[in-house]
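Source: prediction; values computed, not measured.
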Amino acid sequence: MKLTFSLTILILCMGRCLSQKNFSITLHFPSQLEREKLTVWYDDGKDSYRKNPDSTNTMHISGPF
């Protein structure tokens with residue numbers, strides 16, 4: 001029982017350490033939207049971020065997950 005528990009914890013810890021990957025997403029918004037009024041919030045589990053589209057009505061978000 002103790003060995004099974006120890007192996008389970010070890011496997012979960014290894015998976016957590018190896019699960020860090022990077023993501024990248026680009027959002028394109030229609031030009032009819034007022035980009036000054038549009039805000040996207042996202043949370044990475046540690047912090048929350050707020051972004052607005054740039055002058056080309058696109059938004060690029062990237063980071064670890």
Side-chain angles (χ1 to χ4, degrees):
M1 180 73 171
K2 202 175 201 180
L3 178 62
T4 304
F5 178 74
S6 298
L7 287 174
T8 303
I9 296 298
L10 180 63
I11 290 169
L12 288 174
C13 289
M14 285 176 54
R16 185 173 177 95
C17 295
L18 298 174
S19 66
Q20 287 286 25
K21 303 229 185 238
N22 289 322
F23 77 96
S24 178
I25 185 169
T26 301
L27 303 171
H28 301 276
F29 300 101
S31 59
Q32 296 87 355
L33 291 177
E34 296 180 45
R35 64 182 172 85
E36 297 82 18
K37 295 182 179 181
L38 180 66
T39 302
V40 173
W41 290 81
Y42 68 98
D43 189 326
D44 67 0
K46 295 179 185 175
D47 295 309
S48 19
Y49 302 93
R50 177 181 157 185
K51 295 209 57 162
N52 298 82
D54 61 19
S55 61
T56 62
N57 285 344
T58 60
M59 181 185 308
H60 183 74
I61 301 172
S62 62
F65 70 93

| note | Across all chains, not counting sequence neighbours, the side chain to side chain contact (heavy atoms under 4.5 Å, CB included) partners of Ser48 are Asp43
| task | Please identify each residue that fulfils ring pair (Phe, Tyr, Trp, His ring centres under 6.0 Å) with Phe29, with sequence neighbours left out. | result | none
| field | Leu38 CG to Leu33 CG distance, which is reported to the nearest 0.5 Å | value | 6.0 Å
| query | Is any side-chain heavy atom of Val40 closer than 4.5 Å to a side-chain heavy atom of Met59? | reply | yes
| field | With Ser55 via side-chain hydrogen bond (donor to acceptor under 3.5 Å, both in side chains) - residues at least two apart | value | none
| salt bridge (charged side-chain N to carboxylate O under 4.0 Å, His left out) against Lys37, all qualifying residues, sequence neighbours excluded | Glu34
| query | Can you find a pair of side-chain heavy atoms, one from His60 and one from Thr58, that are under 4.5 Å apart? | reply | no
| Which residues share a side-chain hydrogen bond (donor to acceptor under 3.5 Å, both in side chains) with Tyr49, sequence neighbours left out | Asp44
| task | Measure the spacing between OG of Ser62 and CD1 of Ile25 and express it to the nearest 0.5 Å. | result | 10.5 Å
| Qualifying salt bridge (charged side-chain N to carboxylate O under 4.0 Å, His left out) pairs, either residue in residues 47-65, two or more places apart | none
| query | Sequence neighbours excluded, which residues qualify as side chain to side chain contact (heavy atoms under 4.5 Å, CB included) partners of Ser31? | reply | Asn57
